[in-house]
Number of protein chains: 2
Amino acid sequence: MTAPRKPTAQKHGTAKKPARSRIQTRNRQIILEAALEVFSNNGFRGATLDQIAVQAGLSKPNLLYYFDSKEAIHRDLLTRLLDTWLDPLRMLDPRGDPQTEILAYMRRKLDMSRAYPRESRLFANEILQGAPRIETFIRTELRLLVDEKACLFQAWADAGRIARVDPYHLIFSIWAMTQHYADFAAQIDMIRDDGQEPHAGAEAFLEHLYTRLLTP
Amino acid sequence: MTAPRKPTAQKHGTAKKPARSRIQTRNRQIILEAALEVFSNNGFRGATLDQIAVQAGLSKPNLLYYFDSKEAIHRDLLTRLLDTWLDPLRMLDPRGDPQTEILAYMRRKLDMSRAYPRESRLFANEILQGAPRIETFIRTELRLLVDEKACLFQAWADAGRIARVDPYHLIFSIWAMTQHYADFAAQIDMIRDDGQEPHAGAEAFLEHLYTRLLTP
DNA sequence: ATCAACTTTGACCATCCAGTCAAGAAGCAT
DNA sequence: ATGCTTCTTGACTGGATGGTCAAAGTTGAT
């Protein structure tokens with residue numbers, strides 16, 4: 001009569017690594033992949049466990065063997081995403097050439113939105129709903145990093161190494177421009193329905209744009 | 001024993017104006033306003049008729065007296081939105097000064113996203129889900145208009161009146177930049193949580209950006 | 001081979017939610 | 001006031017959906 005213990009259930013308190021079996025790592029991975037597909041296309045409320053189960057090729061109770069709830073799957077997905085979300089900005093080197101660094105940042109963001117459009121849409125969905133689940137992440141980690149880099153941009157501008165622009169809006173503009181190609185891909189595809197991928201031509205355009213903007 | 005006739009129910013075929021009473025116009029308006037609030041914050045699947053009913057101060061069956069279904073409310077909202085969505089681009093005057101015209105277009109879009117953030121989020125939600133309900137609108141009306149204006153921009157560029165930039169990406173960039181301030185307002189607010197509205201400073205920044213970009 | 005722990009699932013439950021209905025309340029033209 | 005139409009709503013229904021459970025199947029260390 002041992003109480004059934006779900007592999008993910010951490011006995012309260014200490015949050016140690018669950019020490020997962022091969023099957024567990026594999027199936028959790030499969031579920032997250034399926035859930036990403038479903039959540040990014042339908043939003044949290046629009047997604048159903050049944051859809052995710054079908055997509056994953058597992059039964060619904062099986063999903064709930066690996067994750068405590070629909071919420072838990074979503075949370076896990078978001079957490080993993082946020083982990084890498086900041087990398088492109090983090091990599092920006094204060095000692096590098098200002099214009100080169102900012103252009104490279106833009107390119108990394110664009111590459112990311114091309115390589116991970118589903119992650120971008122998952123994030124967009126979350127923000128659109130008012131960012132309820134990632135509010136603290138935004139208010140702390142993201143904000144800190146943005147403040148830091150905005151400060152750097154300001155210094156570069158003050159030193160005359162890039163044009164005088166509001167550093168926050170500069171960052172927002174890079175987010176807007178790059179994520180747009182993932183988040184609004186449906187619209188872009190329908191407008192130029194040559195079979196080209198939505199990002200085609202974006203890099204050249206954005207390079208030109210930011211070069212023009214930043215050259216002192 | 002007259003069959004009950006909902007005010008919105010059009011007897012099949014000819015789609016005449018329903019000829020609405022004062023109460024009908026008023027309540028339909030109230031419902032649409034409430035639905036906009038709820039749909040834009042929660043997406044279609046995330047919104048419930050009960051929420052809309054509470055927001056509108058009406059009972060749920062009363063909602064369904066004025067609209068055939070949840071879908072119908074949403075459809076009506078989208079239709080009204082799309083009607084005005086194209087106006088800023090339509091107003092762009094081929095005979096005006098190129099740079100002034102494009103800057104003015106950007107400003108109109110920005111004003112729109114500031115004045116109607118809920119509409120912007122409703123639209124964004126729809127596109128994020130793959131634009132299922134507005135596919136024909138995008139493929140026909142929007143596309144036609146974009147093609148037309150892109151052509152114009154190309155001509156302007158060819159004539160050396162603005163810098164050489166891909167006209168489609170130019171339009172996409174204006175959409176991305178302006179709508180970002182409405183759609184991602186939650187994020188922007190959390191990053192600079194001085195009480196400023198998300199659009200603060202955006203106009204100056206974008207004017208600078210597009211002036212730099214377009215000056216030949 | 002054996003057995004305990006791990007994994008899988010069919011059947012089921014409770015809740016939520018869009019939509020119905022019939023009966024009553026409010027408007028309004030006369 | 002009268003009587004017809006338009007509005008309004010409490011109570012209900014059926015289907016979808018997140019989540020549970022007990023029993024059956026599988027795995028792997030010994």
Side-chain angles (χ1 to χ4, degrees), chain A residues 1-11 16-32 34-35 37-39 41-77 133, chain B residues 1-11 17-32 34-35 38-39 41-77 133:
Chain A
M1 170 118 283
T2 57
R5 192 172 35 137
K6 292 199 173 182
T8 59
Q10 271 315 305
K11 293 300 137 187
K16 288 184 189 157
K17 276 281 163 59
R20 300 196 178 105
S21 73
R22 218 165 42 262
I23 295 183
Q24 277 179 42
T25 6
R26 188 182 115 261
N27 279 354
R28 286 179 63 94
Q29 192 45 52
I30 290 177
I31 292 170
L32 287 173
E37 185 69 24
V38 177
F39 280 135
N41 283 329
N42 304 93
F44 181 76
R45 289 286 309 265
T48 73
L49 284 179
D50 290 283
Q51 288 176 76
I52 300 175
V54 169
Q55 180 79 27
L58 298 173
S59 69
K60 183 168 56 161
N62 209 178
L63 252 59
L64 293 161
Y65 172 73
Y66 290 103
F67 291 89
D68 285 342
S69 63
K70 184 183 174 185
E71 266 287 335
I73 302 178
H74 191 255
R75 189 168 37 241
D76 201 326
L77 224 38
R133 300 162 226 267
Chain B
M1 169 114 288
T2 58
R5 193 174 31 139
K6 291 201 175 182
T8 58
Q10 271 316 305
K11 293 298 134 188
K17 276 283 161 59
R20 301 195 177 106
S21 75
R22 222 168 34 264
I23 295 183
Q24 277 179 43
T25 5
R26 189 181 114 262
N27 279 355
R28 286 178 63 94
Q29 192 46 50
I30 290 176
I31 292 169
L32 288 173
V38 177
F39 280 136
N41 283 329
N42 305 92
F44 181 76
R45 289 287 308 266
T48 72
L49 285 179
D50 289 282
Q51 288 176 75
I52 299 175
V54 169
Q55 180 80 26
L58 298 172
S59 69
K60 183 168 57 160
N62 209 177
L63 252 60
L64 292 162
Y65 172 72
Y66 291 104
F67 291 89
D68 285 342
S69 63
K70 183 183 174 185
E71 266 287 335
I73 302 178
H74 191 256
R75 189 168 38 239
D76 201 325
L77 224 38
R133 300 163 227 268

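Residue numbers begin at 1 in each chain, while the letters A, B, ... track the order of the sequences.
Between A:R28 and A:Y66 the shortest heavy-atom distance is NH1-O, 3.0 Å. A pairwise comparison of heavy atoms in A:Q55 and A:A34 identifies CG-CB, 3.4 Å as the closest pair. Taking all atoms of both residues into account, the shortest heavy-atom contact from A:A47 to A:N42 is N-CB, 3.9 Å. Scanning both residues, B:L32 and B:I73, for their nearest heavy atoms gives CD2-O, 4.1 Å.
Between the C1' atom of C:dG10 and the CG atom of A:D50 lies a distance of 13 Å, rounded to the nearest Å. A:R28 has its CZ atom 14 Å from the C1' atom of C:dT7, to the nearest Å. Atom CZ in B:F67 sits about 13 Å away from atom P in D:dC7, given to the nearest Å. Straight-line distance from the CG atom of B:L64 to the P atom of D:dC7: 15 Å, rounded to whole Å. As rounded to whole Å, 12 Å separates atom P of D:dG10 from atom CG of B:L58. To the nearest angstrom, P of C:dT20 lies 17 Å from OH of B:Y66. A:Y65 places its OH atom 12 Å from the P atom of C:dA5, with the value rounded to the nearest Å. Atom CZ in B:F39 sits about 13 Å away from atom P in C:dC17, given to the nearest Å.
Checking A:I23 against B:F44, the closest nucleotide of DNA chain C that is more toward the 5' end is the one next to A:I23. Between A:P61 and B:L63, the residue anchored closer to the 5' end of DNA chain D is B:L63, taking for each the nucleotide with the nearest heavy atom.
Phosphate proximity of C:dG27 to B:R22: absent, as no side-chain N or O sits under 4.0 Å from OP1 or OP2. In this model, the phosphate group of D:dT17 is not approached by any side-chain N or O of A:R45 to a distance below 4.0 Å at OP1 or OP2. Phosphate proximity of D:dC7 to B:Q24: present, with a side-chain N or O under 4.0 Å from OP1 or OP2.
Counting non-hydrogen atoms under 4.0 angstrom, B:A47 reaches the backbone sugars and phosphates but no base.
Minimum atom distance to the side chain of B:S59 is reached by D:dT9, of the listed D:dT9, D:dG19, D:dG28. Considering only the side chain of B:N62, D:dT9 comes nearest among D:dT9, C:dT8, D:dG19. The side chain of A:N27 sits closest to C:dT8 out of C:dG19, C:dC17, C:dT8. The side chain of B:K70 approaches C:dG19 more closely than any other nucleotide in the set C:dG19, D:dG18, D:dC7.
Using the six-membered ring where Trp is involved, B:F44 and B:F39 have ring planes that are parallel, under 30° apart on the 30 and 60° scheme.
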